[in-house]
Amino acid sequence: MTVITRFAPSPTGRLHVGNIRTALHNWMLAKKQGGRFLLRIDDTDAERSREDYVDAIRADLAWLGLDPDGEERQSQRFALYEAAFARLVEQGRIYRCYETAQELDLKRKVLLGRGLPPIYDRAALRLTEADHAAKAAEGIAPHWRFQLDHGEQLAWEDGIRGPQHFDPAQLSDPVVRRADGSWLYMLPSVIDDIDMGVTDVLRGEDHVSNTAVQLQMFTALGAQPPRFAHEALLVGSEGKLSKRLGALGADGLREQGIEPEALVALLARLGTSQPVEPVLDRAVLIAGFDLGTFGRAPARFDDAELQRVNAAIVHQLPFAQVQGRLPAGIDAAGWDAIRPNLAHVGEAADWWRVVTGPVERPAFDDETRAYLAQAARSLNWSDQPWRDLTEALKTATGRKGKALFLPLRLALTGREHGPDMAALLPLIGEAEVRARLEQAVG
Ligand code: GLU
């Protein structure tokens, strides 16, 4: 059976590192098995859902290279929900309730006050048809709850958490539809998972108790539940799920110069027993993907780690992959020379100025100027001009190490650090190298 996974964001904001991670893992799970990865836009909440967020989700997934093999939108599937809902009403698995939010709150408080769990008491199940008719006559519409079968234990083998058990009697019958007819998350998700043939639901552990009640919805609708796995949540480096982490959107990361490949490499393994490494080849990440390596402890997202992985990824990016983002004039040799100095691709322009000039160099003392004059005289433009120049100077002056190299680097680039001089010299070119040495002498 083909593995089918889905990523189901609500379009009420931009994707952030937490849901990018969920999307990535679902994508990897599908790819590893040669399966399909679907995007489901959970936009039943018309008020909070926004079309520009739907577009942004698609754009962010495209930027990340997580292309869905299909897309569905919940707002276009209401007919399907109506039909399944009608079946469950028919079976007596869904019932009408009228308690107001205040009444429910009071019931909860009374139970808690008596040291009891705040479980809904199913008072509405005792209403007669006459009671319902009276409510209707008053113009009061019901909201609807799914009746959990207390005789059917809720158990599944979680792909990450292992065996899970819930006692349905310890759970409230979930509200599945509001009095205004709008849908809550729980039931449409199950209807969609059945209809879309989802074989594996991989999501955050904040959904564990939803899974428990959704299991009975699958069976009530005559379907085999999918496999479930719930991953530990992502927390900020300070330990709790910080606001900043939630605010760390794909757009902000992109603006910071984070490469999608860096985010993918980090999030692929964060919270697993596998080491986070700057792996550029997704095939390697996919081959190693294994729910069995996922830990139960919250995964710590550390921005400094992302920056480190990003730099290490940039150092590996081939020219063809970055060409469109580089300043005009940089060729493959230029990219290869400057790439080890970059933390972000956007810094290429700055380093490229070292090649194109003009460079601003410090004023040198007399001794250094004499040394640089000697360098200008010794320059012999071979196929390895840097090696030849420094060897000649070493022999002639007895200088070595920093005393040998630093004045040359400063004279030629104006900077104390930078790309490998051996790679830079051919890019700068003979005439310009000579000119820079002479200008440094003054
Ligand atoms: N829209 C839900 C959420 O973002 C989907 C949960 C699920 O994967 O079923 O939490």
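Excluded from the calculations below are hydrogen atoms, water molecules and symmetry mates; all remaining heavy atoms, backbone and side chain alike, are included. Order of appearance sets the numbers: ligands from 1, and atoms from 1 within every ligand.
- Shown in contact with S189 at under 4.0 Å from a heavy atom are these atoms of ligand 1, numbered in order with element: 9 (O).
- Nearest to atom 8 (O) of ligand 1 among the protein's heavy atoms is R6 NH1, 2.7 Å.
- For ligand 1, the polar-atom distance check against P9 finds no nitrogen or oxygen pair separated by under 3.5 Å.
- Ring pair F218/F228 is perpendicular by interplanar angle, where above 60° counts as perpendicular and below 30° as parallel.
- In this structure, the protein non-hydrogen atom closest to atom 5 (C) of ligand 1 is A8 O, 3.2 Å.
- When ring centroids are compared, Y98 and H143 stay outside the 6.0 Å threshold.
- Within ligand 1, counting atoms from 1 as listed, the ones closer than 4.0 Å to a heavy atom of D42 are 1 (N), 2 (C), 5 (C).
- Within the listing of ligand 1, atoms 3 (C), 6 (C), 10 (O) sit less than 4.0 angstrom from a heavy atom of H207.
- For the pair T5 (side chain) and N26 (backbone), a donor-acceptor distance under 3.5 Å is present.
- The aromatic rings of F289 and H25 sit tilted, their planes meeting at an angle between 30° and 60°.
- Annotation for ligand 1: atoms under 4.0 Å from non-hydrogen atoms of R203 are 7 (C), 8 (O), 9 (O).
- For ligand 1, the atoms closer than 4.0 angstrom to any heavy atom of S10 are 1 (N).
- In this structure, Q164 contributes its side chain and E157 its backbone to no donor-acceptor pair below 3.5 Å.
- Close approach to Y185 involves these atoms of ligand 1, each under 4.0 Å from a residue heavy atom: 2 (C), 5 (C), 6 (C), 7 (C), 9 (O).
- The residue from R40, R203, R227 that alone fulfils the salt bridge (Lys or Arg N to Asp or Glu O under 4.0 Å) condition with D193 is R40.
- Judged purely by atom type and a 3.5 angstrom limit, E103 uses its side chain to pair as donor or acceptor with the backbone of T100.
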